Amino acid sequence: MGKKTYDHVLVLTNNQYPYEGKTSYVFTRKETSTNSDIHFTNEDPVSLAGKLKSQQGKDIWLVGGAGLLDSFMKKNLVDEYIITTAPIILGDGIPLFKTNNPEIRLKLKSTRKFREFVQNHYVNV
């Protein structure tokens with residue numbers, strides 16, 4: 001996840017990191033301390049993903065916005081999209097996707113409701 005998303009998650013959870021026990025990488029330009037679960041890095045996200053894919057493990061999960069997602073989309077490295085909609089109309093904000101990405105056809109895999117939030121899970125066709 002990106003550093004802005006990481007900081008926002010901590011605000012929303014009263015500084016209780018919700019992904020405890022899962023190895024996490026936070027992309028940042030500044031040096032920050034690392035613990036056993038959270039690794040702060042300024043490595044190119046696509047390069048790091050390549051290294052992680054060569055290791056034993058399961059899925060790589062991107063959490064965040066267009067800034068982090070963009071480089072993965074442009075290299076066709078995202079095979080599933082889980083998009084959660086919150087019941088807030090902002091009127092203005094940061095786009096979910098940046099410009100100049102390829103057209104990507106998706107198929108709806110599932111929809112779940114979490115209180116007032118709706119989560120749509122899509123897979124590449």
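What you see is a predicted model; the values in this text were computed from it and never measured.
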Nearest 0.5 Å please: distance from the [atom1] atom of [X] over to the [atom2] atom of [Y].
X: Lys75; Y: Asp70; atom1: NZ; atom2: CG; result: 10.5 Å
X: Phe117; Y: Arg112; atom1: CZ; atom2: CZ; result: 14.0 Å
X: Thr5; Y: Asp7; atom1: OG1; atom2: CG; result: 9.0 Å

Among Ile, Leu, Val, Met, Phe, Trp and Tyr joined by side-chain contacts under 4.5 Å, find the other residues sharing a cluster with Ile104 and list them by chain and number.
Tyr25, Phe27, Val46, Leu48, Leu52, Ile60, Leu62, Leu68, Leu69, Phe72, Met73, Leu77, Val78, Tyr81, Ile83, Leu96, Phe97, Leu106, Leu108, Tyr122
Beyond-backbone contact of Tyr6 with Thr28, side-chain heavy atoms, under 4.5 angstrom
no
State, with a plain yes or no, whether a side-chain heavy atom of Lys51 is found less than 4.5 Å away from one of Glu43.
yes
Would you indicate whether [X], at its atom [atom1], is surrounded by more than 12 heavy atoms from other residues, nucleotides or ligands within a distance under 6.0 Å?
X: Lys3; atom1: NZ; result: yes
X: His39; atom1: NE2; result: yes
X: Lys74; atom1: NZ; result: yes
X: Gln55; atom1: CD; result: yes

Do you know which two heavy atoms are closest between Lys98 and Asn101, and how far apart they sit?
O-ND2, 3.1 Å
side-chain contact (heavy atoms from CB on, under 4.5 Å), that's the test. Do Asn42 and Arg29 meet it? Break it down for me.
CA-CA 6 Å; Asn42 62 1; Arg29 290 179 191 92; 5.8 Å; no
Could you pull out all donor-acceptor pairs under 3.5 Å where a side-chain atom in residues 10-21 meets a protein atom, sequence neighbours excluded?
unit_1, atom_1, unit_2, atom_2, d
Thr13, OG1, Val9, O, 2.8
Thr13, OG1, Gln16, O, 2.9
Tyr17, OH, Ser24, OG, 2.7

